[in-house]
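Quick note: residue numbers are just sequence positions, from 1. Below, all heavy atoms of this structure are taken into account, side chains as well, without hydrogens, waters or symmetry copies.
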Amino acid sequence: MSHPYGTHTASPASRPIISDLVDGPEGRSFSVHFQPGQRLPDHRNASRIRIMARSGSGMISIAGMDPRAMGSGEAVQLEANVTHSLEAGSEAWQVEVVLLPACCPGCA
């Protein structure tokens, strides 16, 4: 079974917890719960995604860009197949990920 957040090689015990999978009007969404210092290594998604920090803070690294901090309420949208990684800071971090539907035939 493939994971909704992409392909990665981390051991299961070190992976963040995925919960609250919902199919809604904006697309499929789920929550990712990180323990302090926990990391989701480089991966990509087949669809466009929006990542919103719900609580805590962490870092997002996007291919070709410097890593940036993300705190509660901040969001980033990525096009399909953009390599990225997430890492919690010194506190637990929760993000919501929405797999966005294609907006036009070119995005499919």
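Taken to the nearest 0.5 Å, the OG atom of S29 stands 12.5 Å off from the CE atom of M52. With rounding to the nearest 0.5 Å, the separation of CG in L86 from NE2 in H43 is 6.0 Å. Between F34 atom CZ and R15 atom CZ the span is 12.5 Å, to the nearest 0.5 Å. Expressed to the nearest 0.5 Å, how far CH2 of W93 lies from OG of S55 amounts to 10.0 Å.
For the pair V22 and F30, the minimum side-chain heavy-atom distance is 4.5 Å or more. Residues R54 and S31 have side chains not in contact (no heavy-atom distance under 4.5 Å, counting atoms from C-beta outward). Between Q77 and L100 the shortest side-chain heavy-atom distance falls below 4.5 Å.
When all heavy atoms of A80 and A46 are compared, the pair lying nearest together is CB-O, 3.3 Å. Across all non-hydrogen atoms, the minimal contact from P67 to M59 is CB-CE, 3.7 Å. The minimum heavy-atom distance between P101 and G27, with the atom names listed, is CD-CA, 4.2 Å.
The backbone N or O of P36 sits nowhere less than 3.5 Å from a side-chain atom of E91 that would complete a donor-acceptor pair. Between the side chain of S61 and the main chain of H84, no donor-acceptor pair closer than 3.5 Å is present.
The existence of a salt bridge linking R50 and E26 is confirmed by a sub-4.0 Å separation between a basic side-chain nitrogen and an acidic carboxylate oxygen.
Residues forming a side-chain hydrogen bond (donor to acceptor under 3.5 Å, both in side chains) with Q35 (at least two apart in sequence, or on another chain): none. Taking the side chain to side chain contact (heavy atoms under 4.5 Å, CB included) definition, one finds that I17 meets it with H33, sequence neighbours left out. Listed by chain and number, the residues in a side chain to side chain contact (heavy atoms under 4.5 Å, CB included) with V76 are I51, I60, I62, R68, M70, L78 (sequence neighbours excluded).
Tested against R28, the residues V98, V97, I49, D23 include a single side-chain contact (heavy atoms from CB on, under 4.5 Å) partner, D23.
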Let's go through V32 and E96 carefully: what are the C-alpha distance in whole Å and the side-chain angles of both, what is the deciding distance for side chain to side chain contact (heavy atoms under 4.5 Å, CB included) to 0.1 Å, and is it a yes or a no?
CA-CA 6 Å; V32 184; E96 177 185 11; over 6 Å; no

